[in-house]
Participant: 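This structure is in structure tokens; I'll ask about it shortly.
Numbering starts at 1 and runs along the sequence shown.
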Amino acid sequence: MTGTGERHRRLLRALLGGRTPAADSVKEMDGLLAASGLPVPERVAAVAFRALPGAPEFPPGLLPEHVPADPAGDPPAALTPAPDVDLIGLTALPPGWTAAVGPLVAPAEAPESFRVARRAVDLAARGLLDAPGPVIWCRDHVTTLLLLADEFLVGQLATTTLEPLAGLSGRRREQLAETLLALVRTRGSAPELGRLLDLHPQTIRARLKKLSELFGDRLDDPAERLRLELALLAERALPDRG
């Protein structure tokens, strides 16, 4: 295990155990943090690890000694008050390893940070979350994590909200969905949308005419435009529902 042994294991179990701490357990956590050799931080970030079958063992030296970490544990995790500094070494994770860094939170909310990090690791394993390397920073994927927090509901949103597009062929539907997303996001004119999408304004006008036929007054309703944007983003996040 990376770190200083049993005290770090106890700290991880206490902070990432998934429970909602009462006041006395918050004091216990602060005591464990102090005993671990760390100053009691105002905020911490949890890290979730995943190793594919056959991946090499977690290399020593990727994490500082003061970071409570157990990448091969159950659950595989780490905890740090300074993720941007302490986790630099994780960029050298070997093939087959992924780490997700949860949001910075108060120590009592560390289980929530870990829950988000584990969700990010799971989504990445399914190809639904892209990262440029082996480290996923949840702060860079908040929209996708929020959209996919309940995949059934977001799928229902996409299906029902975008029902007017259901009868179109694949390519035609894709073109109109692209234009619809640009429209509800910007409320731009045909020339503005044309510049945004790199298309001739006349092409945009034809698409806007079709979208007006399909969605009618919904395009002028702010609440409906928000639903449409969320549905289109959900469809991109879950491409099998397109």
Side-chain angles (χ1 to χ4, degrees), residues 2-3 8-23 25-34 36 38-51 58 62-64 66-93 97-151 153-154 226 229-230 233-234 236-238:
T2 304
H8 278 182
R9 280 192 289 270
R10 290 177 59 208
L11 179 63
L12 284 172
R13 285 197 297 269
L15 284 172
L16 306 181
R19 65 180 184 267
T20 302
S25 59
V26 171
K27 292 180 182 178
E28 174 193 356
M29 291 178 184
D30 288 344
L32 286 168
L33 281 164
S36 72
L38 290 171
V40 178
E42 293 184 3
R43 297 166 76 78
V44 293
V47 184
F49 296 94
R50 179 188 289 271
F58 190 86
L62 293 192
L63 293 171
H66 66 264
V67 172
D70 194 0
D74 183 16
L79 194 71
T80 171
D84 290 293
V85 175
D86 289 340
L87 304 181
I88 291 174
L90 293 183
T91 58
L93 278 169
W97 278 88
T98 304
V101 186
L104 274 167
V105 296
E109 295 177 324
E112 287 299 304
S113 179
F114 190 53
R115 179 183 63 81
V116 173
R118 293 184 79 172
R119 179 63 172 156
V121 164
D122 290 343
L123 290 173
R126 295 167 54 196
L128 299 179
L129 207 63
D130 293 325
V135 183
I136 302 163
W137 292 85
C138 292
R139 65 193 181 197
D140 297 333
H141 302 278
V142 172
T143 300
T144 301
L145 288 165
L146 179 60
L147 279 173
L148 300 186
D150 189 319
E151 292 181 38
L153 283 180
V154 81
L226 177 59
E229 181 176 0
L230 290 174
L233 291 174
R236 288 186 172 188
L238 290 171

Participant: Could you check whether any side-chain heavy atom of Leu148 comes within less than 4.5 Å of a side-chain heavy atom of Leu238, counting everything from C-beta outward?
Facilitator: yes
Participant: Who pairs with Arg43 by side-chain hydrogen bond (donor to acceptor under 3.5 Å, both in side chains), at least two apart in sequence or on another chain?
Facilitator: none
Participant: How about Pro71 and Phe49: do any of their side-chain heavy atoms sit closer than 4.5 Å?
Facilitator: yes
Participant: Measuring only between side-chain heavy atoms, which start at C-beta, is Ile136 closer than 4.5 Å to Val101?
Facilitator: no
Participant: Testing the basics here: between Ala117 and Gly102, what is the closest heavy-atom pair and its distance to 0.1 Å?
Facilitator: CB-N, 3.7 Å
Participant: For residues 134-150, which residue pairs qualify under salt bridge (Lys or Arg N to Asp or Glu O under 4.0 Å), counting only residues two or more places apart or in two chains?
Facilitator: Asp84-Arg139
Participant: How close do Ala69 and Leu63 get, heavy atom to heavy atom, and via which atoms?
Facilitator: CB-CD1, 3.6 Å
Participant: Looking at every non-hydrogen atom in both residues, tell me the closest pair between Leu93 and Ala99 and how far apart they are.
Facilitator: CD1-CB, 3.9 Å
Participant: Only counting residues at least two apart or in another chain, list the ones meeting ring pair (Phe, Tyr, Trp, His ring centres under 6.0 Å) with Trp137.
Facilitator: none
Participant: Roughly how far apart are Asp70 CG and Phe58 CZ, rounded to 0.5 Å?
Facilitator: 10.0 Å
Participant: Does the side chain of Leu123 come within less than 4.5 Å of Glu151's, by heavy atoms?
Facilitator: yes
Participant: Taking the side chain as every heavy atom from C-beta outward, state whether Glu229 and Leu233 have any atom pair closer than 4.5 Å.
Facilitator: yes
Participant: Using the side-chain hydrogen bond (donor to acceptor under 3.5 Å, both in side chains) criterion, which residues pair with Asp122? Sequence neighbours excluded.
Facilitator: Arg50
Participant: Would you mind writing out the side-chain donor-acceptor pairs for residues 72-83 within the sub-3.5 Å range, not counting sequence neighbours?
Facilitator:
unit_1: Thr80; atom_1: OG1; unit_2: Ala82; atom_2: N; d: 2.9
unit_1: Thr80; atom_1: OG1; unit_2: Asp86; atom_2: OD2; d: 2.6

Participant: Under the salt bridge (Lys or Arg N to Asp or Glu O under 4.0 Å) rule, what pairs show up with a residue in residues 127-136, not counting sequence neighbours?
Facilitator: none
Participant: Tell me whether Ser113 contacts the main-chain N or O of Ala46 through its side chain, where contact means a donor paired with an acceptor under 3.5 Å.
Facilitator: yes
Participant: Enter the distance from Leu147:CG to Leu128:CG here, rounded to the nearest 0.5 Å.
Facilitator: 11.5 Å
Participant: Surrounding CZ of Arg119 (heavy atoms of other residues, nucleotides or ligands, distance under 6.0 Å), is the total greater than 12?
Facilitator: yes
